[in-house]
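The structure appears below as structure tokens.
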Amino acid sequence: MQGWRKSFQIKLCQHQQSCPKIITRKEWGALKPKARTPLSTPVKYAVIHHSDTPKCHSKMKCIERVRSIQEYHMHHNHWSDIGYNFLIGSDGNVYEGRGSDTVGAHTKFYNSQSIGICVIGNYSSSRPNWPSLIALKRLLSCLKNNKKLKNDYSLKGHRDLSPTKCPGKYLYNNITHWPHYKY
Ligand SMILES: [Zn+2]
């Protein structure tokens, strides 16, 4: 095999290992954003949220849920788009929200220096499942490897930055044990 091709394939392979499958906006039938502000990356913070809605355990149910969150953010909150940069279901899939190149609307004062990731469900009353936690870890390392998060980024729960219970005690207690977590 030619050298360049071999190194390209190794690169592709590493990329695939570190990035989870991401369900695109097109795949979940997103509404068009009314406006977008480019996010200057890499950013310093990854902020974890919960949606405070029921969980979803299949791609079909999670798509329904992601659509209803977008609907609520755009038509009730009058935001330009779904607030989160990414969402994760109990089906273990990552759903593209605003993505990693657009400023989100999820954590007051921190949106332009963070990527906001929402795990769908309410984690004040129940524990996140393994597929969603594995997807979250893989998404975080993918964002770091792709220079969307700084190498020494800080992982935060929404409650570390705003007076809120988000992302719920069970999800929060989990992420506080992860390597990048900093209070
Ligand atoms: Zn939150």
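Atoms within a ligand are numbered from 1 in the order they appear, just like the ligands themselves.
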Give the ring-plane orientation class for Y84 versus H49, where under 30° counts as parallel, over 60° as perpendicular and anything between as tilted.
tilted
Quick check on H177: does its NE2 atom have over 12 non-hydrogen neighbours (other residues, nucleotides or ligands) under 6.0 Å away?
no
Please report the number of protein N, O or S atoms that lie less than 2.8 Å from the Zn ion (ligand 1).
3
Name all residues meeting the side-chain contact (heavy atoms from CB on, under 4.5 Å) criterion together with A135; count only those two or more places apart in sequence or in a different chain, and write none if there are none.
I88, V94
Pair K182 + D160: basic N to acidic O under 4.0 Å:
no
Pairing residues for H50 by the ring-ring contact (aromatic ring centres under 6.0 Å, His included) criterion, not counting sequence neighbours
none
Strictly by ring-ring contact (aromatic ring centres under 6.0 Å, His included), give each pair with a member in residues 25-47 just once, sequence neighbours left out.
Y45-Y110
